[in-house]
Amino acid sequence: MPELPEVETVRRALAARLVGRRLTGVEARRPDLRKALPRDLATRLVGRKITGIERRAKYLLLNLDDGHVLIAHLGMSGRMLLYRKPPPPGPHDHVILGVDDGTVVYFNDARRFGLMTLADQSELDRHPLLKDLGVEPLGPGFNAQYLRKALKNRVTSIKAVLLDQHVIAGLGNIYASEALFRAGISPRRRARSLSPDRLARLATAIRAVLNEAIAAGGSTLRDHRQPDGELGYFQHNFTVYGREGEACPGCNCNVAATGGIKRIVQAGRATFYCPRRQR
DNA sequence: AACAAGACCTGCATGC
DNA sequence: TGCATGCAGGTCTTGT
C-alpha cells in the first residue's frame, strides 16, 4: 500500500488516538515479518506511555516514555486499524496493541513485507533502517538545489532515482509517476541531464502531489485503509498511474492515433507516462 | 559507487 | 470450477 501520503495519513490518525496513552496489553501473534519481531516486544512495551508519533520516510516512529522508539513499516500491504471493540483477530493481524482508554490497534499485513522493531531514541539517526535515508520531500531541505547535487552523477532514469530512498525519503511508485507527469518530464530521461529549471519544476510537483494526496487520505488501490477503516481517495485524481491506454488529461491528442498513456517497466517497477507531454 | 535483477509473501484478477 | 500466470503501494541482497 503505502507511500509517504498513506503513511502520513496513518500517522495522524494514530497520533490523535494514542499520544498520551499508556500501553496496557501487547500481543505478538506472528513474529516472522520482514524482520523478525523482537522476542521481548510485549514485555518492553507494556506499561509504556506513547509520548509522540512521528514519520520518517515510510516509517512510523512511536516515541515511548522510557527513551525507546517503536519503529513500524507497513511494507506493501500493511494497515494500522483502530478499534473500540476489536473483532476476533484474523490470520494477518500480526501485532495487537491495547492502551489505557480501551482503544485497540491491529497491525495487519497480509504480505508480511512490513516490520516492527524497537530502537533507542538517542541513537535513532544511526539506526540501520534510517541512517541512509535522503531528505523529506515535504521538509525544508528539499528543493531544486538539493536535487541538482543528488542527481549530479546519476546516469540511470529519473524515475528510478525518485524511488531511491537515499535520495528522496518516502516517494514511491505511484507518486513518482504522477510527479513526473505534472513536471512534464519523461521518466526515461537520465537523472543528471535535467536542467535546474526542470528540477525546480520537479521539486514543486513532488511537494504538490504529496500534499494533495495527504489531504485526500492517501490512495486506496487494494490495501490502504485509514486507521478508522476509511478508504483513501486520491486514486480518483491519478493522471497517469494505472491509466495505460487512456487519454492524457494534459494534451488534446487523439487516443486512437497515439495510444494514449503508456506503461513501461523501469527497474522492475511499472511506470506510466504520456510520451507527448513528458520529454 | 551505481545499477539491474532477483528474492521475500500473499491475494486477486485474468485467461484457459 | 480449477488451475496457471501475472501483477501489486517496498526494500534488501547479490552480482556485475
Side-chain angles (χ1 to χ4, degrees), chain A residues 1-11 29-37 55-60 71-80 90-94 107-117 127-134 137 149-180 187-193 206 209-210 212-214 216-226 231-238 240-244 263-272:
Chain A
M1 120 185 150
E3 305 183 28
L4 187 154
E6 289 74 33
V7 179
E8 178 61 21
T9 298
V10 170
R11 184 198 70 78
R29 301 171 53 81
R30 172 127 204 197
D32 56 331
L33 308 184
R34 171 155 65 89
K35 188 172 148 41
L37 288 177
R55 178 190 56 73
R56 176 80 172 103
K58 297 167 195 165
Y59 291 92
L60 290 165
I71 303 176
H73 194 286
L74 300 175
M76 291 277 261
S77 55
R79 300 170 176 172
M80 293 282 185
H92 306 309
D93 294 320
H94 305 311
F107 175 41
N108 173 286
D109 181 14
R111 294 176 71 179
R112 286 186 284 119
F113 286 171
L115 66 84
M116 264 192 192
T117 194
H127 191 282
L129 291 171
L130 308 177
K131 67 181 167 61
D132 294 323
L133 291 170
K149 272 192 187 161
L151 307 191
K152 193 172 48 170
N153 298 319
R154 303 301 297 265
V155 128
T156 192
S157 68
I158 182 62
K159 163 63 165 27
V161 175
L162 294 185
L163 293 184
D164 183 344
Q165 301 297 296
H166 306 319
V167 178
I168 304 175
L171 202 59
N173 203 40
I174 292 176
Y175 300 108
S177 277
E178 292 294 320
L180 286 167
R188 316 170 63 137
R189 185 165 287 282
R190 279 178 193 243
R192 72 176 180 193
S193 78
I206 288 169
V209 73
L210 293 177
E212 288 170 34
I214 291 168
S219 303
T220 298
L221 295 184
R222 276 162 289 273
D223 299 311
H224 171 58
R225 290 292 181 287
Q226 303 188 51
L231 307 177
Y233 292 96
F234 193 72
Q235 66 278 10
H236 303 300
N237 297 321
F238 291 172
V240 288
Y241 187 86
R243 296 190 179 277
E244 182 182 18
R263 178 188 187 275
I264 59 174
V265 174
Q266 296 178 290
R269 315 293 306 276
T271 301
F272 298 88

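Per chain, numbering begins at 1; letters A, B, ... match sequence-line order. Below, all heavy atoms of this structure are taken into account, side chains as well, without hydrogens, waters or symmetry copies.
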Value in whole Å for how far the C1' atom of C:dT11 lies from CZ of A:R269: 9 Å

Between the CG atom in A:D223 and the CG atom in A:L231, the distance rounded to the nearest 0.5 Å is 11.5 Å

Tabulate protein N/O versus nucleotide N/O from nucleotides 10-14 of chain B, keeping only pairs under 3.5 Å, one per line.
residue, atom, partner, partner atom, Å
B:dT10, OP1, A:R112, NH2, 2.2
B:dG11, OP1, A:H92, NE2, 2.6

Whole angstroms only, please: what is the NZ-P distance between A:K131 and C:dT11? 15 Å

I need the NE2-C1' distance between A:H166 and C:dG10, as an integer number of Å. 13 Å

Any A:M80 side-chain heavy atom under 4.5 Å of A:L74 side chain: yes

Is there a side-chain contact (heavy atoms from CB on, under 4.5 Å) between A:R192 and A:N153? Walk through the geometry before answering. CA-CA 6 Å; A:R192 72 176 180 193; A:N153 298 319; 5.7 Å; no

The criterion is salt bridge (Lys or Arg N to Asp or Glu O under 4.0 Å); which residues satisfy it with A:E212, sequence neighbours excluded? A:R182

Spacing between A:H94 atom NE2 and B:dC8 atom C1', to the nearest angstrom: 14 Å

Please state whether the phosphate of C:dG10, meaning OP1 or OP2, lies under 4.0 angstrom from any side-chain nitrogen or oxygen of A:Q165. no

Under the rule for salt bridge (Lys or Arg N to Asp or Glu O under 4.0 Å), what residues qualify as partners of A:R30, not counting sequence neighbours? A:D32

Whole angstrom value for the distance that separates C1' of C:dG10 from NZ of A:K159: 12 Å

Atom pairs under 3.5 Å, N or O on each side, protein against nucleotides 12-15 of chain C: can you list them with distances?
residue, atom, partner, partner atom, Å
C:dC12, OP1, A:R34, NH1, 3.1
C:dC12, OP1, A:Y59, OH, 3.4

Nucleic acid footprint by protein, nucleotides 1-6 of chain B - heavy-atom cut-off 4.0 Å, B for base, S for sugar-phosphate alone: -SSS--

Any stems for DNA chain C, made of 3 or more Watson-Crick or G-U pairs in a row, each with both distances under 3.5 Å? B:2-8 with C:10-16, B:10-16 with C:2-8

Separation of C:dA8 P from A:Q266 CD (nearest whole Å): 13 Å

Could you check how far CE of A:M116 sits from C1' of C:dG10, rounded to whole Å? 17 Å

With sequence neighbours left out, write down each residue that passes salt bridge (Lys or Arg N to Asp or Glu O under 4.0 Å) with A:R154, or none if nothing qualifies. A:D164

Between A:F107 and the options A:D93, A:L33, A:L37, the side chain to side chain contact (heavy atoms under 4.5 Å, CB included) test singles out A:L33

Would you kindly give the CZ-to-C1' distance between A:F272 and C:dC7, to the nearest whole Å? 10 Å

Residues in side chain to side chain contact (heavy atoms under 4.5 Å, CB included) contact with A:R222, at least two apart in sequence or another chain: none

Side chain to side chain contact (heavy atoms under 4.5 Å, CB included) partners of A:T117, counting only residues at least two apart: A:K35, A:P38, A:I71, A:L115, A:H127, A:L129

Counting only side-chain N and O atoms of A:H73, is one of them less than 4.0 Å from OP1 or OP2 of C:dT11? yes

Categorize A:R192 for me: base, sugar-phosphate, or nothing, with a 4.0 angstrom heavy-atom threshold over every strand shown. nothing

Which residue pairs pass the salt bridge (charged side-chain N to carboxylate O under 4.0 Å, His left out) test when at least one of the two sits in residues 170-180 of chain A, sequence neighbours left out? none

With sequence neighbours excluded, tell me which residues meet salt bridge (Lys or Arg N to Asp or Glu O under 4.0 Å) with A:R56. A:E136

Please indicate yes or no: is the ring centre of A:F113 less than 5.5 Å from the centre of the six-membered base ring of B:dC9, with the two planes inclined by under 30 degrees? no

Take A:H92 and A:R79 through the side-chain contact (heavy atoms from CB on, under 4.5 Å) test and state the conclusion after the steps. CA-CA 10 Å; A:H92 306 309; A:R79 300 170 176 172; over 6 Å; no

Results of ring pair (Phe, Tyr, Trp, His ring centres under 6.0 Å) for A:H94 - residues two or more places apart only: none

Can you tell me how the ring of A:Y175 sits relative to the ring of A:F234, calling it parallel under 30°, perpendicular over 60° and tilted otherwise? tilted

Please measure how far the P atom in C:dT14 lies from the corresponding atom in B:dC9, and state the result in whole Å. 15 Å

